[in-house]
Amino acid sequence: MRLYNTATRKLDELPAPPGPIRMYFCGPTVYQRIHVGNARPFIVSMWLKRWLEHQGYDVTLVENITDINDKIYAAAPGNSAQFAADASEWYIEDTGDLGLGRPDHEPKATETVPEIVALIEELIQLDLAYPAGGDVYFRVDRYPEYGVLSGRLDEDSARNPSEEEEQSSLKESPRDFALWKGHKEGEDTSWESPWGAGRPGWHIECSAMAEKHLGPVFEIHGGGLDLVFPHHENEIAQSRGAGREFAQLWMHNGILRFGGEKMSKSLGNVITLRDALGEWGPETLLMLFLGAHWRKPMDYTDETLAAAKARADGLREVFRNPSEPGGSWGELAAALDDDFNTPEALAVMHDWRDHDLLRRGLELFGLGSLAEQEEAPAELDELAQRRATARADGDFHEADRLRKEIEAGGWEVRDVAGDSGYRLVPKA
RNA sequence: GGCGCCGUGGCCGAGUGGUUAGGCAGAGGCCUGCAAAGCCUCGUACACCAGUUCGAUUCUGGUCGGCGCCUCCA
């Protein structure tokens with residue numbers, strides 16, 4: 001199996017099964033319900049985990065929850081800890097409703113503070129970090145490799161000017177970034193550290209969590225394309241700077257667009273995953289993601305959703321018709337082993353009429369429900385029987401009337417060859 | 001301005017140096033009491049301009065356009 005690696009800018013071969021394949025994906029910062037765009041790395045990582053396990057790999061997937069952040073303090077002044085805990089649960093609920101299962105570990109920043117502090121101390125000893133006024137900063141100039149992942153090796157293009165005004169003066173260089181932030185007025189949580197009370201910076205938590213659950217070297221690190229710089233660049237600096245081999249292959253999923261722009265919390269052009277699930281259901285949403293390659297940008301529009309739904313309905317239809325032999329699992333495997341090409345895999349599955357084969361393929365992506373047949377309510381079935389009788393008697397007027405009645409109940413009658421002569425199908 | 005990604009038929013979306021992607025929508029046909037479903041047929045697409053080549057949608061360069069990152073961001 002090969003996957004595109006941001007770090008090498010080419011397709012890289014994975015080790016042969018059983019691996020192991022240790023994967024770390026960056027999860028969301030929980031200060032509101034996650035949106036559909038946030039769901040993409042979750043979906044991609046869970047699908048990949050399922051596929052690799054199917055191929056006989058020993059997979060460990062870690063997906064973190066960032067529950068320490070300025071936005072969390074801002075969202076729930078005085079009650080941030082409880083709020084972050086609640087918002088974490090929302091995330092678990094919403095992604096759980098996709099029906100893809102869960103990562104093996106979902107660590108939170110708040111549960112990893114000792115490991116974070118230890119890593120920062122190590123970096124200070126290596127002269128790669130320095131305390132300043134209750135904060136601790138990474139000394140980018142001491143890490144010559146800084147910028148290799150994102151191609152920002154020159155100082156001008158690789159600065160980190162984001163820190164708050166009052167803190168920026170504490171930095172030796174504008175490129176430096178915070179590993180630890182001293183406690184500030186209005187923040188209702190803080191942790192003890194050798195540098196006083198405070199909290200971890202954003203990037204360091206991932207370095208610490210990845211190592212805690214996967215060890216100093218692991219096969220795959222993933223996340224949204226928008227995390228390449230500075231987040232993943234900083235993770236590399238921290239972990240490799242501290243002597244860990246860290247991630248071998250970097251997967252960055254394409255951005256989800258809405259209204260022509262990136263769907264993002266700061267822009268506010270957001271559809272929550274919860275609302276999307278409520279309006280379209282998991283099958284349609286999964287079909288939408290399945291139809292676009294994981295690295296490509298993708299548009300979330302009524303048109304693309306409607307097409308995804310039609311596609312799901314079309315596949316569901318296959319199970320209402322007789323199973324026919326043809327097709328092979330190998331076609332699907334070839335598509336997925338080539339940079340996890342799910343659109344290609346979907347095209348392959350569209351050719352399959354073999355129920356068992358297609359069910360297996362769909363189950364891989366959490367779409368096994370498309371193979372399930374629904375039983376019509378008894379009263380509608382009775383109407384359908386009466387209609388069959390009316391048809392047999394040549395009373396087509398009555399037959400059409402009964403069909404309309406059945407349709408009013410949300411079902412559709414189809415005349416088919418076979419014992420009963422009809423079939424009831426839920427209206428799409 | 002810097003770094004990077006992308007531009008495929010009505011729409012979505014794979015892929016390839018010369019041979020069918022697939023789906024959705026649409027047209028016609030078969031079937032059907034009428035439908036639905038199914039099946040068959042139909043669209044000769046690859047932003048533009050050069051170049052390399054026997055031949056480019058696929059390689060190279062440029063132009064135009066879109067998007068992302070450079071600030072929190074999946």
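This is a predicted model, so every value here is computed, not measured. In what follows, every chain begins at residue 1, and chains take the letters A, B, ... in the order their sequences are listed.
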- Task: Would you verify whether the NZ or CZ of A:Lys49 falls within 45 degrees of the ring axis of A:Phe25 while also being under 6.0 Å from that six-membered ring's centre?
- Result: no
- Distance between P atoms of B:A37 and B:U19 (Å, rounded): 35 Å
- Query: Looking only at atom P, what distance separates B:G18 and B:C67, rounded to whole Å?
  - Reply: 33 Å
- Apply the test side-chain contact (heavy atoms from CB on, under 4.5 Å) to residues A:Lys171 and A:Tyr130: give CA-CA distance (whole Å), side-chain angles for both, the deciding distance (0.1 Å), then the verdict. CA-CA 9 Å; A:Lys171 292 199 220 172; A:Tyr130 55 94; 4.0 Å; yes
- A:Lys309 side-chain N/O to B:C24 phosphate OP1/OP2 under 4.0 Å: no
- Query: Using the P atom in both, what is the distance from B:G51 to B:U58, to the nearest Å?
  - Reply: 14 Å
- Just checking A:Arg316: base, sugar-phosphate only, or nothing, at a heavy-atom cut-off of under 4.0 Å? nothing
- Task: Please work out if A:Pro41 contacts a base, only the sugar-phosphate, or nothing of the nucleic acid, heavy-atom cut-off 4.0 Å.
- Result: base
- Message: Taking B:A21 as the reference, what is the distance to B:A14 when you measure between their C1' atoms (whole Å, please)?
- Response: 6 Å
- Minimum-distance nucleotide (side-chain atoms of A:Arg353 versus B:G33, B:A74, B:C39): B:C39
- Would you please indicate if the ring centroids of A:His232 and A:His203 are separated by under 6.0 Å? no
- Message: Considering every strand and a 4.0 Å limit on heavy-atom distances, what is the contact class for A:Gly254: base, sugar-phosphate, or nothing?
- Response: base
- Item | A:Thr304 (side chain) and B:C12 (base): donor-acceptor pair under 3.5 Å | no
- Item | Check: B:C69 base within 3.5 Å donor-acceptor of A:Arg152 side chain | yes
- Item | Base B:C34 to side chain A:Arg403, donor-acceptor N/O within 3.5 Å cut-off | yes
- Message: Distance check, P atoms only: B:G13 and B:G28, in whole angstrom units.
- Response: 28 Å
- Message: So, OP1 or OP2 of B:G15: does either fall under 4.0 Å of a side-chain N or O from A:Asn341?
- Response: yes
- Message: Is the distance from the ring center of A:Phe246 to that of A:Phe218 below 6.0 Å?
- Response: yes
- Starting from C1' on B:A74, measure out to CD1 on A:Ile65 and report it in whole angstrom. 14 Å
- Message: Determine whether a donor-acceptor pair (one donor, one acceptor, N or O, separation below 3.5 Å) exists between the side chain of A:Asp415 and the base of B:C34.
- Response: yes
- Task: Ignoring hydrogens and angles, answer whether the base of B:G33 and the side-chain atoms of A:Arg387 contain a donor-acceptor pair closer than 3.5 Å.
- Result: yes
- Query: For A:Glu344, which contact category applies under a 4.0 Å heavy-atom criterion: base, sugar-phosphate, or nothing?
  - Reply: base
- Item | Touch class at under 4.0 angstrom, heavy-atom based, for A:Ser150 against every strand present | sugar-phosphate
- Query: Regarding A:Arg33 and the six-membered ring of A:Tyr91, is the cationic atom NZ or CZ under 6.0 Å from the ring centre and inside 45° of its axis?
  - Reply: no
- When you check the phosphate oxygens OP1 and OP2 of B:A74, does a side-chain N or O of A:Lys262 lie under 4.0 Å from one of them? no
- Task: Report yes if a donor N or O on one partner sits less than 3.5 Å from an acceptor N or O on the other, where the partners are the side chain of A:Asp400 and the base of B:G33; otherwise report no.
- Result: yes
- Message: Does a side-chain N or O of A:Lys265 approach OP1 or OP2 of B:A74 to a distance below 4.0 Å, or not?
- Response: yes
- Task: Assert yes or no for the condition that the ring centre distance of A:His183 to A:Trp195 is strictly below 6.0 Å.
- Result: no
- Task: Give A:Met349 one of three labels, base, sugar-phosphate or nothing, depending on what nucleic acid heavy atoms sit under 4.0 Å from its own.
- Result: nothing
- Would you classify A:Ile255 as touching base, sugar-phosphate or nothing, given that sugar-phosphate means primed atoms plus P, OP1 and OP2, and contacts are heavy atoms under 4.0 Å? base
- Atom-pair distance (CZ on A:Arg391; C1' on B:C34), nearest Å: 9 Å
- Query: Choosing from B:C67, B:A74, B:C70, which nucleotide comes nearest the side chain of A:Arg257?
  - Reply: B:C67
- Message: Using a 4.0 Å heavy-atom cut-off, does A:Val413 contact any base of the nucleic acid, only the sugar-phosphate backbone, or nothing at all?
- Response: base
- Task: Using the P atom as the reference point in each nucleotide, state the distance between B:U52 and B:G66 in Å, no decimals.
- Result: 31 Å
- Task: For A:Gly223, answer base if it contacts any base atom (sugar-phosphate contacts may also be present), sugar-phosphate if it contacts only those atoms, and nothing otherwise; contact means non-hydrogen atoms under 4.0 Å.
- Result: sugar-phosphate
- Salt bridge A:Glu412-A:Arg414, side-chain N to carboxylate O under 4.0 Å: yes
